Structure formats: structure tokens, C-alpha cells
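Input: a single structure, listed below in C-alpha cells.
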Protein chains: 4
Amino acid sequence: MSGNTFGHSFRFATWGESHGVAIGATVDGVPPGIPLAEADLQAWLDKRRPGGSKYVTQRQEPDTVRILSGVFEGKTTGTPIALIIDNVDSRSKDYSDIKDLFRPGHADYTYWKKYGLRDYRGGGRASARETAMRVAAGGIARKILARDFGEKFRVRGAMTKIGPLRINPEKWDWDAVETNPFWCPDTTAVGMWSKFLDMVRKEGSSAGAVVEIHASGVPAGLGAPVYAKLDADLAGAIMGINAVKAVEIGDGFNITAIPGEDAQDEMRMKDVAGKNEREVEFLSNHAGGILGGISTGQDIVVRYAVKPTSSVLTPRRTVNVHGEDATVITKGRHDPCVGIRSVPVGEAMVACVLADHWLRHKAQCG
Amino acid sequence: MSGNTFGHSFRFATWGESHGVAIGATVDGVPPGIPLAEADLQAWLDKRRPGGSKYVTQRQEPDTVRILSGVFEGKTTGTPIALIIDNVDSRSKDYSDIKDLFRPGHADYTYWKKYGLRDYRGGGRASARETAMRVAAGGIARKILARDFGEKFRVRGAMTKIGPLRINPEKWDWDAVETNPFWCPDTTAVGMWSKFLDMVRKEGSSAGAVVEIHASGVPAGLGAPVYAKLDADLAGAIMGINAVKAVEIGDGFNITAIPGEDAQDEMRMKDVAGKNEREVEFLSNHAGGILGGISTGQDIVVRYAVKPTSSVLTPRRTVNVHGEDATVITKGRHDPCVGIRSVPVGEAMVACVLADHWLRHKAQCG
Amino acid sequence: MSGNTFGHSFRFATWGESHGVAIGATVDGVPPGIPLAEADLQAWLDKRRPGGSKYVTQRQEPDTVRILSGVFEGKTTGTPIALIIDNVDSRSKDYSDIKDLFRPGHADYTYWKKYGLRDYRGGGRASARETAMRVAAGGIARKILARDFGEKFRVRGAMTKIGPLRINPEKWDWDAVETNPFWCPDTTAVGMWSKFLDMVRKEGSSAGAVVEIHASGVPAGLGAPVYAKLDADLAGAIMGINAVKAVEIGDGFNITAIPGEDAQDEMRMKDVAGKNEREVEFLSNHAGGILGGISTGQDIVVRYAVKPTSSVLTPRRTVNVHGEDATVITKGRHDPCVGIRSVPVGEAMVACVLADHWLRHKAQCG
Amino acid sequence: MSGNTFGHSFRFATWGESHGVAIGATVDGVPPGIPLAEADLQAWLDKRRPGGSKYVTQRQEPDTVRILSGVFEGKTTGTPIALIIDNVDSRSKDYSDIKDLFRPGHADYTYWKKYGLRDYRGGGRASARETAMRVAAGGIARKILARDFGEKFRVRGAMTKIGPLRINPEKWDWDAVETNPFWCPDTTAVGMWSKFLDMVRKEGSSAGAVVEIHASGVPAGLGAPVYAKLDADLAGAIMGINAVKAVEIGDGFNITAIPGEDAQDEMRMKDVAGKNEREVEFLSNHAGGILGGISTGQDIVVRYAVKPTSSVLTPRRTVNVHGEDATVITKGRHDPCVGIRSVPVGEAMVACVLADHWLRHKAQCG
């Protein structure tokens, strides 16, 4: 019921505003005995951190996470793990220019309508800053899944489109993803993306993006029909990331144009390499690794669209809290393409959904 | 935690298999004093019912819903409302041909991997038959919302694409939707769709679809950041409908190609007709009526993709429970385009999400 | 959030009114593959059934339970198990005498204040008739626990006090419990109880009771601190049974008068019979098998007080829905000591709490 | 599902161990616009604070609470309120003497059995130190209820028994409660209690207690049958407090000995002072303000038993993690009667249950 809690068996709740003293999360339900240190989480946070390249916000936040509870002698104890990140660069700037204005595309108007008041400093609770705690929680989820699913388990994301510019999916190279500031898996697209984003940035405009997350090494059987389907929970978790407007599983919208007989993933038995066993092999993955809301054992493929950052330097028409017409320009240190920093967040949310479903699966079928 | 429960303050749980004796739902949290009769729900069920046209399954199910509790002297009492629909046409046919086979595209394999056994009769719990109870629950959700939001409140859906054939959105006419078996809002598309689906049906193939649901008359303020955002919950609810593979809010994927300054919905004050008041008007609706996870007061626009029905007459490669290669043809009375009958289901799920969020909003902010 | 749902991983929701067409429950989260038939549940229902002796209500209800879903070829499938019991003896009697009156001690007034209307036929939803579904759900919980905990697992209850008359705890004999209509473990008390209750019944009065439930063969480790402690969940589950006004774990109130050094349960290692192993033995069980909200492996001991049945033949002062003073006599077929029929309900609730905690434990620590 | 989360619409989750760096809570679902400052919470925390008299632990903890989020310009914003209290006096002492021992009466053994490891420093998560966050959350609950229920609303507790020594209930004086270190409402009992506890303390023993909490000014209608009854949720919340072994509502166990006709609370209409209105008056309060799981509008009366502090100076038999017999003496700074400091905790839990039910009631019936 709590709007700020994610998950059931693997559960975390976050708190904090963009320009408050700190942000935090409490992660509950973590199995005991898992080795966990702050460095395990910091690695993922560094991926999301602002200031990493000229294509993301220049806010200077070290995003150093501290673990305040739930870990003893280097291992999880089964009790809640409290995480905190201090807000270092929450400049005590003057907000009087936007205090009473509703920035279009932002949550200013809706928070004000819902709550009757709002913390206008940098977006308050609606700021994407909150997603740092998702990344940290995702780091814990990964530790659980890596322990139980083994070495083949992996969740990784890539950006496949910036503004109107798509990658060539045939050139997909996971190794390339870490070598450029866009998490782009197609090295031939990087140059054009750089030029495009430079232009966008200089014009004070912003660009949307498409991101794809793959989870590999996930066993068949995760997901609980019919109102806790794995794809439904993934869709909810991803759509809940700031600025996301669309989610696909597997072929997504493209599957609608395929004849039924081609849209299925046929199956065959195959020999397991090096063993005297056979296992099921799917001959394609239109389904994105999920059938009937339950994982098939194939790669789980989730794709989502991120809208262009709503803060732009072009004057926009709006209204204020007094019911008057107004104009707003959103200055500040913002991301020209907020999709870039959403990649580790998308990965984290996929990991968290999987961890939750894994523990839930163990409850009923373990 | 329960996989078969939807919602929090407005909550329903469903039960039943495709070929069991009946299916049912229990709807809890309904405000007391709302006039409710079986006919209120039957109207929506009739829209989803099989056998309605040659484009949907010929299974003969009257889908007559009965209310077993929670209504007294014609009004809801605030206690749980039990709904039941008998399965009339659950032919005691011979399932020996598919009993041990995993039909590709169906949930056969995943249920078997998750649970170690499965009810193979007509898809069991994974059958779209379960969605009848969603439609019934949605009927109750509509009654709540109509009472509280007034006459302008409406949730309605339309099909905008079958297979590769899209409508022309400029010809959108809501009045046309009820006049054709496809819930098509563009009368000029109906003829081509009929021919296309006839062809698909004769070939024993199937087609995908895109459906769009609009909710009008919803006040600003619904949705609870950050893990119970209205768009997140809509995405989860829609992705959980059988065969859905993608969900968009507002512009969805298309918003990624628009510059930031054009992707926002600007605001102006306007005079309220016939009153000495002014109100906020959005000049566009790229956001689909939701910002920061909270409704803006504009139309809420949700779009989703339905994959082609997985039952086709073309032989498909598969394996069986004994770990052997096999071939399967899915005979039976199936929908050539399951997207058609998903329209009332999509409407119902949107209504249920809104009812849940409305009650939750009242708890905190009412 | 739903008021009519119990539990998390093992979950059931009930519906139905005393004099509606039927009552029912949906049990979700049940592990797959457990043999289950209606007879497994009927045995427990027969224990609670009205009309069993002259000391309980003479309403004639066979309480025949039917399973409508979730069981296939004799085994649970992991999907929700719908249970239904038709109300057979819901006489279409004239309720005009109590329609507008609030019977003291009953929930008439509070339902009316909460909901603004009420189903006045036989207590509606507030009737103890609802507890039949708890007993049925408890039957499923027992099947899960018996499978996983083994032969030593057992939940059984006994009545230790009727009105002012206590048993002698030193004469406790579990075998005696099934041999008298009071579930009394002390055969020397039965005669006096019979005479006392005969008198109470003839005078149109009623008597309270104390009931004690023991769960044996429960492993250490169940319970999830700090807001899902096993004792807290047991207390909530038991206090939620109709007419219960007090709950104790272990020594309960009596422990307050014992010095701290005597109130603890000391431990020693002992040899396991027939094995070359040692195990922990507690030297007493003041704690009732729970420490820090987690089971110790000892017997779990829960005790509760049931108030006298509120329906009595003595005229009582009350008011009516029109705000006028009035007098009420509650005729009808009621239990002179509702505590008797609460025994199988108490057992069932303990079993359900244990099943839920067992599955939750598996999720995190399994 | 999360063991460390309390409530639904009004919800808080706590974290932290006795001797970790800090303890904390996140309170979610709080209505926006409520004036809230740290001082509002500190007042209640000071009541629970260690070191307040010689009858409670001498651990020196200022228990200064800080609000890290969810309050802006002095008002709640509707977003989660993060609370933190630093552990100041968590001496880095040597725990080697109890590291491997299970202290009888403590949760050492059960945590170890559940999780396979434990934070042995001062009880870790099982320490009553966690209850400080309940008190803080209760302070927020009180603010909500005071705003909505008005001046007559009040939750207050008193101790009615220490060890074997009861108060005389006829001498109950709420004004006396704040004037002695025992929250004793009967001034004639204070002297004897002081002497008794001095003796207990000097002997290194400990004493149990009975505490009674009254909530006044609560409107009729709170509580959601049948698995979220107000009394059930109160029982669960109170039984979940450290060392509590029994809970009663209203007459509790005593009601079992009363004839049915006397156990009810009769009703009459009475004139409302100073208004031309009449209202319902109950002529007694055996029910403790709750019927059918719903508040009646009378005072809600909850009573509970606290076992003697488990830490005593008498050597006790136990076993260690290596499966060997051992003896333990629990030195340290402990409460001779942990019941004393439980009074503000009991009050807080009652306030939290009421706040949760109030918001839930508004969702369905508001």
C-alpha cells in the first residue's frame, strides 16, 4: 500500500528529496549470510553518478553509499539493510524563480494538485535523484541472484536509440557498452550520437532514448500468475522509472505484425555440452523469455522509452500557483538525455523484480 | 503477495480454470451504499463474451455472472462481493493429444517448469477465460468511479491495428467503435480488416493487434509516487493481460524522437464555460495524462500490443514432458485475433487501477 | 489492505453472509503437488458444524464444502483453491423485529456506524458462520505443514474453562478431548460443565470460555521480526475470531508474577533417542514456544478468552436506527457457549499462521 | 510481507541494531500539510528514554531524533518521513563472553536457528532499542489523529501491576501517572512498588508488569472486518512489543466468568450537553470500545502483560553455538522491569494502529 515501497519478499522502501540532507533506502527480506560491503553497491552507483561525462548533469555528487544496519562481520544478517547517501551538492540556491511556477513536463503541477503543497527545490521527491537508491537496492538484488543462479546470471543494459538515431542491432556488441558514455552496443553509432547530443546540449534542448535490458541465466519458473506475472511486474517497475513512457517485453509492438505461426518460439531438445543430458532449447525469443507471466529460462528482454528531459532552455508557456499565465525557462544542471543515466536504473529494477520473484517462488515452490 | 490478487484498497482476487466447473472473483474494499445489480456487470461481460462474431472463438459461453455476497437490498454493503460464472461449454473432450505436449507460445512449458504439474485442459488457469472476472470486477470499479467522478468519467477502448494494418488516427470516431466487431474507431479500416481476418482465419493463422484505452473525466492527483505511480500500475495491470507484450502511456515510444521543448505539454489558464472561473488547460497531451506518476486531469491514454493468438493450425516444433521432440497443431475453438476480445479487458483493468488509486488517494489526501 | 484477506505467502480471502446463498474462500499460494480432496477439509468442518450437540446452535447446516478450482487429478496445482459452502438453513424468516434494532454485544451498531447500512439477517457478515471458511482454509494449511514438518506436527485445541469453571490442568489428557462435546481435556470436569451449561441454556443465558491451542512438531525459526513476529501474528489471528477478547502466549499474564530468573526457559543438550546426535532441550516452556517472535522448536501454546454469546433471552436495553430507546430479546438458534465451536476455529487460525510463516521463512532463509 | 514494516495506509518500517551506528524508521502515507517538527516526536521519546530513573537501564542515550525527509517548511509533504537516532552509548565492549552463548529468555537461540548467524552485540535487532522508532512513529500518528479527531482524542497508558503487586483500580487517577517513575495511576501503590523494585534490582532479579492503554475520542467505525479487525490489529501490534506475552481488550479474560446478559454493553440515547441533539450512550464498557472488530466510539481499552526482563544476575543453564552445555550470567545495563519503558511503546503502537485504520476507513467509507 505504501507508495514508496517496492516488492514483496525482496522489498525496499526509499525516502528523500533532491535537495534535502540525504536520500536513503531500507532493504528488507534479504537472505542471511550473503557477503556484502559498501563497495559492492558503490560500483553500480558510480555508473549512474552525475558528472560522469559532458552528456549528463554536472551536479557534483560523489553518491557515496553507507550501510547503517543489517550487515554484521561482512555478511547480511537477514534484518533490514539501511542505506544512506548524503546530498553533497544541494546548493542553497535561490528557488524563488520557480517556486510558484509549474514546469511543463515535470511533476510540479501534479504534486501540487495531489498534496496541496510541494517541495520545489530541484524537484523534491519527484527528482530522478531518488533512483540512486534503486541502483543501490539493485546491487543487493544482484548479490542474492548471483549466489543462487550462479555465474551465468547477469543483468545488463544498453541504449539503442537517442532521439531519432537508432543503433544497428546486427552490430550489437556487449563489450562495446562499457567503452562509451552512452552505453551504446554499436560502436558505429557512437560518433553520430556524440555529435547529435552536443548539438542538443548547445541548443538547450534535450533528447529521448530507448534502452534495452537483458537478464541472462535466469531459471525457468519465476513469476506468479495471474496478477503477479513476471512481465507485469517488470513493466510496472520499469514504467515507474522517471521519464519512462513505454515498456516492451521481447518483440513488443513489433510482434503484432507477425503471423501467429511465426510469432511463437518453437522448441527442440538439445544435448548439453559435456554432459550426458539433454535440455530444452527455444529456436527463437520473440517472447522475451516470458510465457504466461513465467520465465522460460531464455534471456529476459525488456525495452523502454525515456522521454526527453523536461528541463530545456526554450521559454515554455505555463501557469503558476496563483492561476496566472506565465513563462518558464528551466536553467540548472540537467541531463540533455536523461535516458543515459537511466540505464543502470533499468538494470537495477530488473534485478530487483527478479530477486523478489525468486524469493516468492521459493516460498511456494521451493 | 498473492499472485491472484489485484489492487490494494480496491482489491479483487480471481480463481478458476478454463475447463473447471466455474470461475470467480471476490471484490473487496468497495465503498458501501453503491447500487449494484448483476445486470450492471453483465453489460460489460457481454462485450467480451465468446461467440459474438466469426472473428472470435466459437466456444459457447453465456458468461452469466451471479453475485453471491456483499450486496443487500440492491446496494453494496462494504463487505466482499463474490462473483461467479459457471463454465457451461467446458466440453469433456479428449485432451490426450496435448496432455503431454508443450504448445509453443502458450504457458504450458512454464507452468510445468514452475509447478511440476499442470491442468492441461484448455490452458487451465493460464487461459484468457480468467479475464472474464477482470471485466466483471471492472464493472464494479466503474460504478465507484462514476459515482465519485460524475458524468464526464468514462473508460473506453478501441483497436487501432490488426496485424500490419493500422487505422488512420485522424478519422478517429468513438461512435464508430460500437458499430463493428473490431471496436475499430476508423470506419474506413473496417472493410480491409474484415478481409484480412477472414484470410487469417481460413489459413488457420492468427494476427496481433494494438489497442488504445482512454480514461476521461479523471481528476488530477491520482497516483502515489514513487513505487505506486499511476502509470506504473497501469503498465503492470495491462502487461498482465494474456498475450500483451508492450504498453505505452501517451506518446510512448514516439516521444523519444521529439525535441524536449516539443515533448512537454504546455499550460494556460482558460475560462470555464458558463462559470465565472478559470481552470488550467494543457495545450497538448504527449504525457497521456500522467506526470510524475500522478494524473494531470487530462485524458489518460494507454496503448498496448497483443501478440497473435498462439493456437494455429500450422504444425509447430515442440517437445513433450518426456523430453522428446514433437510436433503440435493446436485445434480447437480459438480467436484468430485475441486482441479483439482484449478490448473490454483492457478497459476493465484501467478502471480497476483508477478505482484502487482513487480509494488510496482518499486515504492519504481525502 | 483488504479486510477480508488473511496471510501473505499462504493467503486466503473469505466472503459471504450468514443468510446469503453461500459462503466461500479462495486460498492462494498453496504449494503444488499436495494431495487434496474435499474430505480432507470436511473432517475439520464437521468438528465446527452446528447441530452437533445440545450445547451448540440448532441451526441445521451440513456445511458441505466443495472445491471449485486449484486441484487437478487429486493434487494442488499452485493456483487458487476456491471453496464454497451453500447456506442450507438460511430460513427466510421475518427479521422485522431486529431489522432496526442494535443488539447489544453484537456488531449491529458498529457495522451501521461504519457502513451506513447493514445486512441484518442473522448478523450478516459479522456472523460466526464466516469461521467455517477459516476451518476449511486451516485444513489446507495442515496439509502443507504435515507434508513438510512430518508426522510429529499437530495442532490441537481444548477448552479449559467454561464460565467460572476451570479444568484441573494436572488432569490434562489429550485423548479425552474428543470424547466429550466440550473438547474438555479433563474428564472430571465434564459432568459439572454439562450441568452448568444445561442451566445456562434453560435460563436463556450464555457463558464464556477459555480455549488453549497447542502446536507440536513446529521447527525452530518461524517468525519474522519485528512486525511479523510469530506471536504477534498468532495474537492478531486469534483476537480476530468472533467473540475473542484476550490472547496469551505461554504463561501469558501469569508470567508477570514470576521472578525473572524463573521466568526463563533454561537449555541443556540431550541425546537424541536412537541416534548418535545431541539436540537442544528446553527445561520448561514459559515462553510458549516463541522467543523474540521466532519459534523455538518447543510446543507453541496459545490461550484465548471467548466472551459469552451475546444473544440471550433476557430483555436488554438498546437503541434503534431512528435514535430511540428500545428493548431487545435475541431469540433464535444460538450457542449458549460460543467458545465450544471456536475450538476448531482457533486450531485452524494457528495452522494458517504457521503455514504462512513457514512459506515466508522458505522465501528468505530456505 | 516485509517483517520490518508496520501498517498499510499509515505505514512505517524500522531498521537498526542495538549497537550499530544508528536506528531509524521511514513513515509513509502521512497526509500532507500537517505541521511537524522534531520536538513533536522528542517529547514522546523522552518518556521512553533510558537513564530516566534508577528503575530503568542506565545506558546513556539522548535518543535525539532527526527528520531527514518528508517535511518541508514545517509541514508534512505526503512523501516518506525518514527518522534517525544515532546510537551514542554503544560501547565497543568485549562481547566474547556471550558471543557464542544463547541467553535464556532472549532471542539469541531463535535468531541463530532462523538466520544461521546473529549480531550478538546487545541483542542486535532483537533489542528493545528498536522500540524507540515505534515511539517516534507513534508521535506522527498522534499528530494525524489529533488533527482529524479533535481535542478529545488522547492515547495514554498506565502500569497497573509490577510483579505480584496490583494497583487498586478504584483509585485510578490519570493525573498521577506522570508524577511517578512507574506511570502508576494509583498513588497509594507507588511506595510499595518502589521498595519492591529496589529489592528486585539489588538481587539482580527482574519483575514483570501489566500495562493498560486507553484511547479516548476515537469515533465509531474504525476497523475492517474480518481479517483486519481493530482488536485483532491492536492485539498483533501489542504482542509484537518486546517481552509482551498477553493482550486483552476490555474485560479480557475476566469476561468469561460473567453471564451473557451482564457481559454486554447496553445502550441508551442521551441528550448532548449544550446542543439540541441526542446521541448513543453505552451503559458500560466490557467490550473495551470494540464490537465486531469495529470501534464503538467508547474508550478503547487494551491491557498487556510484560514478562520479567530476561537479563538477570543469577547463573542460568544454557547451551552454546557449539552444542555444549554452559552457564550464563547476563551482566550489563538492563531494566529490572522492562514493562516500565514499554508504556510509551504501547501507547505508540495503539496510536499507529488507529492512524492506519483511520486512513483505511477514509479510503473505503470517507
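To find a chain, count down the sequence lines: A is the first, B the second, and so on, and within it residues start at 1. Just so we're clear, the structure is a prediction, and the values are computed from it rather than from any experiment. Note that these values count all heavy atoms, side chains included, but never hydrogens, waters or copies made by symmetry.
Residues His361(A) and Lys114(B) form a side-chain contact, since some pair of their non-hydrogen atoms from C-beta on lies under 4.5 Å apart. Using a 4.5 Å heavy-atom threshold, the side chains of Phe253(A) and Lys245(B) count as separate. The side-chain heavy atoms of Val226(A) and Arg134(B), taken from C-beta on, include a pair separated by under 4.5 Å.
Residue Ala237(A): no heavy atom, backbone or side chain, is found under 4.5 Å from chain B. If you measure heavy-atom distances from Met349(B) to chain A, the contacts under 4.5 Å come from the side chain alone. Residue contact with chain B, scored on non-hydrogen atoms closer than 4.5 Å, is absent for Ile238(A). Both the backbone and the side chain of Asp231(A) have a heavy atom closer than 4.5 Å to some heavy atom of chain B. Interface remark: Glu279(A) contributes no atoms to any contact with chain B (heavy atom separation under 4.5 Å). Only the backbone of Ile258(B) comes within less than 4.5 Å of a heavy atom of chain A; no side-chain atom from C-beta onward does. Contact of Tyr109(A) with chain B is made through the side chain alone, with heavy-atom distances under 4.5 Å. The contact between Val319(A) and chain B is made by backbone and side chain atoms together, counting heavy-atom distances below 4.5 Å. When heavy atoms are compared at a cutoff of 4.5 Å, Phe282(A) approaches chain B solely by way of its side chain, counted from C-beta outward. Contact annotation for Thr318(A): both backbone and side-chain heavy atoms come within less than 4.5 Å of a heavy atom of chain B. For a residue to count as touching a neighbouring chain, one of its non-hydrogen atoms must lie under 4.5 Å from one of that chain's; by this rule Thr314(B) touches chain A with the side chain only. Only the backbone of Ile241(B) has a heavy atom closer than 4.5 Å to any heavy atom of chain A.
Pairing each heavy atom of Gly260(A) with each of Pro308(B), the nearest pair is CA-CB, 3.4 Å. Considering all non-hydrogen atoms of both residues, Ala246(B) and Glu248(A) come closest at CB-CG, 3.7 Å. Looking at every heavy atom in both residues, Ala107(B) comes nearest to Gly292(A) through CB-CA, 3.7 Å. Gly252(B) and Ala305(A) get closest at one heavy-atom pair: O-CB, 4.1 Å. Nearest approach of Arg317(A) to Arg268(B), heavy atoms of both residues: CG-NH2, 3.1 Å. Tyr111(B) and Ile294(A) make their closest contact through CD1-CD1, 3.7 Å (heavy atoms, listed as atom of the first residue, atom of the second, distance).
Lys307(B) and Thr256(A) are not linked by any side-chain donor-acceptor pair at a separation below 3.5 angstrom, with hydrogens and angles left out of the test. Inspection of the Ser310(B) and Gln264(A) side chains reveals no N or O donor paired with an N or O acceptor under 3.5 Å. Side chain to side chain, Arg11(A) and Tyr227(B) fail the donor-acceptor criterion of an N or O pair below 3.5 Å.
Of the possible polar contacts, one joining the Arg316(B) side chain to the Glu261(A) backbone as a donor-acceptor pair under 3.5 Å is found. Judged purely by atom type and a 3.5 angstrom limit, Thr110(A) uses its side chain to pair as donor or acceptor with the backbone of Leu291(B).
Heavy-atom pairs under 4.5 Å with chain A were tallied for Ser311(B), Pro219(B), Gly105(B); the largest tally goes to Gly105(B). Looking only at heavy-atom pairs under 4.5 Å with chain B, the residue among Ala263(A), Ala126(A), Pro259(A), Ala207(A) that has the most is Pro259(A). Of the listed residues (Gly297(B), Ala220(B), Gly323(B)), the one with the most heavy-atom contacts under 4.5 Å to chain A is Gly323(B). Counting heavy-atom pairs closer than 4.5 Å to chain A, the top-ranked of the candidates Gly339(B), Pro104(B), Ala257(B), Gly208(B) is Pro104(B).
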message: Could you walk me through whether Met239(A) and Lys229(B) satisfy the side chain to side chain contact (heavy atoms under 4.5 Å, CB included) test, starting with their C-alpha distance in whole Å, then the side-chain angles of each, then the deciding distance to 0.1 Å, before giving a yes or no?
response: CA-CA 8 Å; Met239(A) 190 69 92; Lys229(B) 287 179 172 171; over 6 Å; no
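Here the NE2 atom belonging to His322(B) is positioned 12.0 Å from the CE atom belonging to Met269(A), to the nearest 0.5 angstrom.
Under a cut-off of 6.0 angstrom, the local environment of NZ in Lys362(A) is crowded, with over 12 non-hydrogen atoms contributed by other residues, nucleotides or ligands.
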